[in-house]
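In the text below, chain A, chain B and the rest are named by the order of the sequence lines, each starting its count at 1.
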Amino acid sequence: MKRAWIKKVLSVGVATVMCVGMLAGCGSTEKTESASSSESSDAEDGGSSDGQITLKFVTKIPEDNRQKCMKEIIASFEESHPNIKIEQTAYGDEEIKDKLKVLLGGDDKPDIYFTWSGERLQGYIDEDLAVDLTKYLDDDAEWKDNFNQSMLETCNKEGSYYAVPWDYSSKVFFYNKEVFDACGITTAPTTWDEFLADCEIIKNAGYTPIAIGNQYPWVVCHWITTLNQKLVPADVLEANYNGENADFSDPGYAQALNMLKELLDKGYINSDVNSCTYEMSQSMVLEGKAGMIYDETQIMSKYDENAFGTFDFPEIEGEAGEAGYVTGGPDLYCVNTSCEYPDEAVEFLKYLTSVEAQQKIVKDIQFMPVVDGAATEETATANAISIINKNQEAPGVAEWLDCVLNQTVANEYLVACQEIFNGTSAEDLMQSISDVASGEY
Amino acid sequence: MSKQSKLGRGIVNLFCLLAIVVVLFPLLWMFSGGFKTDTLLFSSPWALPKSIDFSNFIDVWNKCIATNVFNSVFYTVIGTLLTVLFSGFAAYAIVRFHFKHKYVVFLFILSGMMLAPQCSLIPIYKILGFLHLYDTRIGLILPYVAYRIPFSFFLMWTYMVSLPVEIDEAACIDGCKIHQTFFKIVMPMSKPVLATTAIMAARYIWNDFAFALVFTESDSLQTIPLGLFSLRSANNTQWTELLAGLAIASLPMIIMYALLQKYFVNGLNSGAVKG
Amino acid sequence: MAIYKNKKMLFLFLFPSMLLIGALIFLPVILNVYYSLFKWTAYSKSMKFVGLDYYVKLFSDKNVWSAFRNNALYAVISIIFQAILGLVLAYIINNIASKKIAVVSRVIIFIPAVVSITAIGLLWVIIYNPSIGFLNPILESIGLGGVIKDWLGDKSTAMMAVIMVSQWQYMGEMVMLYTVGLQNIPTELFESAKIDGANSLQTFFRITVPLIKETILMNVMITIIGAFMVFDEVYVMTSGGPGRSTEVLASLLYKTGFRQDNMGYACAIGVFMFVVTFIFAIVELKMYNVKETMGGGKNE
């Protein structure tokens with residue numbers, strides 16, 4: 001009986017092999033239904049059939065609520081443009097750092113794709129993967145002018161625009177009102193000394209003053225972005241970041257790292273900072289175990305306004321850098337040079353950045369818009385509007401450090417963001433960064 | 001038995017029980033974790049679940065595990081079948097065919113065992129891209145089969161070598177073609193080693209992470225290990241949901257092991273004594 | 001024993017295996033060398049020839065050598081726990097423990113080895129976590145509160161923490177592997193040793209070890225090669241962090257190629273890994289007279 005079973009299995013096996021062989025000949029993409037709802041469906045082969053144009057769209061917003069919002073935006077675009085179909089694929093924040101490059105180099109190239117600004121965008125421009133959108137912007141002055149100009153400028157490389165911003169995120173401190181009340185803190189700190197004093201009070205009351213989940217080091221890297229901008233003179237910063245100067249010896253850099261170390265040493269940060277995840281650090285504040293977190297406006301919806309307040313990064317006495325800058329960065333979308341229908345792709349970009357769509361993202365998912373007229377009383381809370389206005393008026397933007405720097409140097413900096421808590425001296429870390437930079441530039 | 005050896009035996013028994021606890025405890029904790037809520041987990045790792053609540057399991061199943069299970073099963077079944085088939089062919093060829101340079105071929109296939117896949121991730125990625133097989137089912141299965149063949153071939157060869165040649169000869173005389181002899185006589189006779197080979201290959205493919213990570217892109221092609229990993233790195237990770245996912249992912253292999261222990265052990269044994 | 005001479009059938013039988021092994025096991029090795037001579041990324045449209053630049057860089061790159069040291073540490077610990085302690089454990093389970101407990105122990109200790117390393121790795125990430133895992137609470141309750149650390153977040157303990165997870169997982173497999181070797185030793189030998197008055201320790205060193213020498217060597221080799229190729233555990237648990245404390249060659253390769261966009265250098269690292277493990281593999285092959293075994297000489 002077992003013999004017959006084996007025979008049967010083998011013959012089924014051979015038959016399956018033949019079927020699989022035939023399936024394999026059918027081309028490179030599988031058209032199975034994706035069971036998950038938060039990630040969207042496979043992209044079909046791009047191109048047109050009977051005038052129908054399909055555009056492959058890669059985004060960075062797999063979360064349920066964000067997907068819902070994006071899908072609604074896409075649906076309304078498709079309604080008004082019946083000959084265009086948008087196939088969206090969403091990847092998570094960490095994932096997309098690897099996946100997008102592979103996609104761009106493979107067979108299944110996206111037509112419109114997400115990118116951060118800075119060096120990340122530059123990398124794609126260098127490989128001729130982003131369409132020059134300057135003439136589209138020049139042809140439609142209304143569209144161009146409605147943008148938040150400093151955000152639009154992040155897409156400008158050597159005089160031409162290679163992407164458009166879609167939303168932006170800036171950093172702000174969120175604090176748990178209950179914890180502050182329990183500690184007797186009535187006003188949010190505005191200077192670094194006040195900040196440290198508040199931390200001491202919170203610590204003595206038995207809470208963790210600041211929650212940092214640095215398992216993926218971009219979290220501390222954002223702190224450093226802010227601190228570097230405040231502590232290093234603007235021209236030195238510029239020269240180091242764009243590669244003119246590989247020597248990161250300005251004392252401001254080391255001071256930035258040391259300030260963080262000081263926070264840990266004094267017990268103001270959770271001790272498992274390097275293994276704590278970003279989500280856990282958020283939970284700590286949400287559940288009232290920690291008092292403050294330096295988080296992004298993009299995630300504002302998590303911190304209910306009634307229970308959580310916000311304040312800006314405290315001013316540091318004697319800071320050498322420019323005052324009043326906001327730390328943040330836009331999310332950009334590029335059109336791939338391999339896209340067969342760039343005009344239609346730009347149509348979609350125009351829709352994404354239209355007042356209508358921008359109002360929707362402000363209202364539904366509390367994103368920060370990049371166009372004027374999107375944040376109104378109907379769409380945003382008073383607090384959100386005040387943040388948006390403040391950002392609008394800020395003299396400049398300190399873009400995410402790991403986007404602005406050359407990727408290899410950025411990587412070394414990210415390592416430093418964890419190493420500083422491991423006991424390595426700030427001076428040594430900056431030296432390593434300088435070494436790597438001089439190898440790259 | 002002397003008192004001393006009784007004591008020795010007692011100590012060792014205790015030690016074994018300790019080893020069992022060290023092994024089982026984390027696994028049981030994992031299973032129980034799936035029934036908890038995140039707040040409960042945060043409050044104390046020892047807290048027993050308040051109730052038998054399957055919601056985590058259902059959530060994680062719907063979120064991604066369902067597709068992942070289908071994919072893992074698909075790759076494992078097809079990959080195992082192909083591995084067993086191709087290795088069987090090769091083993092039989094070495095054992096029953098006359099040809100020059102037999103030693104070279106033998107060495108060629110066997111030395112595949114020495115080359116681990118991790119250092120070849122990038123070239124294979126390029127090869128698959130070149131063949132337009134990147135991010136396809138077949139594109140992932142082929143490397144699995146390729147890297148499983150050497151050891152499977154070895155298992156089958158050691159077995160087939162001891163099969164009496166008279167049976168094949170008798171079949172020949174009776175007018176059987178070679179492939180008929182292979183499928184109708186040799187394969188059925190090799191039942192034990194086929195099962196062992198299949199189990200060894202299946203275990204490897206089911207548990208693989210690196211290949212699936214590098215050679216597939218689309219969500220619809222992801223395997224269970226990949227699904228677990230992206231569950232963890234996604235925003236809004238619920239830890240208890242992740243534990244539920246881990247439990248679901250581990251269960252099939254544990255059950256298979258429980259039922260088919262003998263074949264797992266056989267596979268390892270062949271590696272130990274003959275390998 | 002060989003009876004057929006039909007060339008066509010021979011070809012059909014050998015072709016699939018030879019093709020797959022040639023194209024996906026051997027060819028990549030050659031391609032690794034070729035690709036390491038160019039500068040390119042996953043999405044670049046052309047490759048720029050750089051010759052041996054990456055190899056020069058490799059030898060002076062402190063990251064490569066610290067990864068190598070991590071692999072070496074992995075190898076040493078794995079040899080101690082798996083090849084050596086695995087044998088000791090197999091021996092005492094097989095020879096000293098009572099039968100029922102022995103069987104149950106073996107079966108259960110093996111369970112982690114059948115589960116995917118991803119699942120095991122993620123499970124231990126949770127267990128090691130100071131806030132929600134149970135490891136630190138257990139340590140506290142048995143009075144070892146002073147040792148508590150952030151196991152995976154602290155540079156000094158992270159690598160060992162990852163390595164120990166591998167040991168936890170694979171000890172059972174080693175015990176199984178050794179058990180069959182042990183069971184092949186005729187019991188008469190043990191009995192006559194006992195009559196001669198030998199105790200367990202002497203029996204172990206004078207009888208057991210010499211007789212399963214080949215198995216031991218084999219396991220040591222497998223362990224070493226595995227230690228230099230390790231990827232899954234590290235990537236899943238720590239991605240090489242914190243800092244670079246758990247970076248191993250394979251994870252460095254992956255990140256260099258896919259994160260830092262330096263495919264050429266990643267391939268050079270791949271070649272380096274290959275050479276290291278190849279040397280070990282050659283040594284193993286030499287210890288094994290392959291030609292003799294191929295002919296199907298010995299009876300099993």
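- The candidate from Val115(C), Val29(C), Leu253(C) with the greatest count of non-hydrogen atom pairs under 4.5 Å with chain B is Val115(C).
- The aromatic rings of Phe13(C) and Tyr92(B) sit tilted relative to each other, their planes meeting at an angle between 30° and 60°.
- Between Tyr34(C) and Pro123(B), the closest side-chain pair of non-hydrogen atoms is not below 4.5 Å.
- A heavy-atom distance below 4.5 Å is found between the side chains of Phe15(B) and Leu89(C).
- No side-chain heavy atom of Met253(B) sits under 4.5 Å from any side-chain heavy atom of Ser116(C).
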> Run the ring pair (Phe, Tyr, Trp, His ring centres under 6.0 Å) check on Phe258(C) and Tyr125(B) step by step: do they pass?
Replying inline: CA-CA 11 Å; Phe258(C) 291 95; Tyr125(B) 154 75; 5.5 Å; yes
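- Put simply, the side chain of Asn13(B) never gets that close to the backbone of Ile101(C): no donor and acceptor are under 3.5 Å apart.
- Without hydrogens or angle criteria, Tyr235(C) side chain to Ala210(B) main chain gives no donor-acceptor distance under 3.5 Å.
- In this structure, Lys126(B) has no salt bridge (Lys or Arg N to Asp or Glu O under 4.0 Å) partners at least two apart in sequence or on a different chain.
- Contact annotation: the side chain of Phe108(B) approaches that of Ile21(C) to within less than 4.5 Å [non-hydrogen atoms, C-beta and beyond].
- Between Leu243(B) and Leu123(C) there is a side-chain heavy-atom pair separated by less than 4.5 Å.
- No side-chain heavy atom of Ser120(B) sits under 4.5 Å from any side-chain heavy atom of Ile25(C).
- Looking at Phe110(C) and Val23(B), their side chains never come closer than 4.5 Å, going by heavy atoms from C-beta outward.
- Side-chain contact between Phe99(B) and Lys7(C) is present, with at least one heavy-atom pair separated by less than 4.5 Å.
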